[in-house]
Amino acid sequence: MPKYRIIVDLSDFQLYLLDGDRVTRGFPVGIGKMVTQTPLGQFYIVNKQSNPGGPYGAFWMGLSKPHYGIHGTNNPSSVGRRTSHGCIRMYNDDVLELAAIVPLHTRVNIRP
């Protein structure tokens, strides 16, 4: 049975999906601005919602740190840049692919 986890590497604007210790996929991400930085640490996916509305694109996966999540965007030019209020932004197609793979309670490690 797969044991998925996510590593978000802020230094290279990448989210890595791991199955056990093997990276199975990498996705480009947008991260928090200098004044609203993406929090570092270990979190878990606690909720999922398709078409959440607003600026969150096609899908929202809430993290165990309240008000933070991994989500799509209706501004694709923000991916690969420091533009969010701390959330992790993904292209809509990418966040839909990721959300279809990872279950609730998947561990998310955000590192500098």
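Grouping the Ile, Leu, Val, Met, Phe, Trp and Tyr side chains by contacts below 4.5 angstrom, directly or via other members, places V95 apart from V23. Linking ILVMFWY residues whenever their side-chain heavy atoms come closer than 4.5 Å, directly or via other members, places I110 and Y4 in the same cluster. Linking ILVMFWY residues whenever their side-chain heavy atoms come closer than 4.5 Å, directly or via other members, leaves V79 and Y68 in distinct clusters. M61 and L104 fall within a single hydrophobic cluster, where Ile, Leu, Val, Met, Phe, Trp and Tyr side chains are chained together by heavy-atom contacts under 4.5 Å. Under a hydrophobic-cluster definition in which Ile, Leu, Val, Met, Phe, Trp and Tyr are linked whenever side-chain heavy atoms come within less than 4.5 Å, directly or via other members, M90 and L96 are assigned to the same cluster.
The shortest distance between side-chain heavy atoms of R89 and V29 does not fall below 4.5 Å. With contacts defined as side-chain heavy-atom distances shorter than 4.5 Å, the pair R22/T24 qualifies. With a 4.5 Å cut-off on side-chain heavy atoms, F27 and L98 count as touching. Contact check for C87 versus T38: no side-chain heavy atoms found under the 4.5 Å cut-off. The side-chain heavy atoms of T73 and Y91, taken from C-beta on, include no pair separated by under 4.5 Å. Two residues are said to be in side-chain contact when any heavy atoms from C-beta on lie closer than 4.5 Å; V46 and L63 fail this criterion. Under the 4.5 Å side-chain criterion, counting only non-hydrogen atoms from C-beta, L10 is in contact with L40. Counting heavy atoms from C-beta on, the side chains of F59 and Q49 never come closer than 4.5 Å.
To the nearest 0.5 Å, the span separating CZ on R107 from CG on L18 amounts to 9.0 Å. For the atom pair OG (S84) and CG (N75), the distance works out to 11.5 Å, reported to the nearest 0.5 Å.
Side-chain N or O atoms of K33 include none that pairs as donor or acceptor with a backbone N or O of H85 at under 3.5 Å. Between the N74 side chain and the G54 main chain, a donor and an acceptor come within less than 3.5 Å of each other. Put simply, the side chain of N92 never gets that close to the backbone of G57: no donor and acceptor are under 3.5 Å apart.
Scanning both residues, T83 and S78, for their nearest heavy atoms gives OG1-CB, 3.2 Å.
Salt bridge annotation for D21-R5: present, with a cationic side-chain nitrogen under 4.0 angstrom from a carboxylate oxygen.
The environment of OH in Y56 is sparse: at most 12 heavy-atom neighbours from other residues, nucleotides or ligands sit within 6.0 Å.
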query: F13 and I31: side-chain contact (heavy atoms from CB on, under 4.5 Å), yes or no, with the steps?
result: CA-CA 7 Å; F13 297 88; I31 62 175; 3.6 Å; yes
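Among the candidates L15, I6, V102, the single residue satisfying the side chain to side chain contact (heavy atoms under 4.5 Å, CB included) test with V108 is I6.
Ring geometry, W60 versus H71: the interplanar angle falls under 30°, so the pair is classed parallel (tilted spans 30 to 60°).
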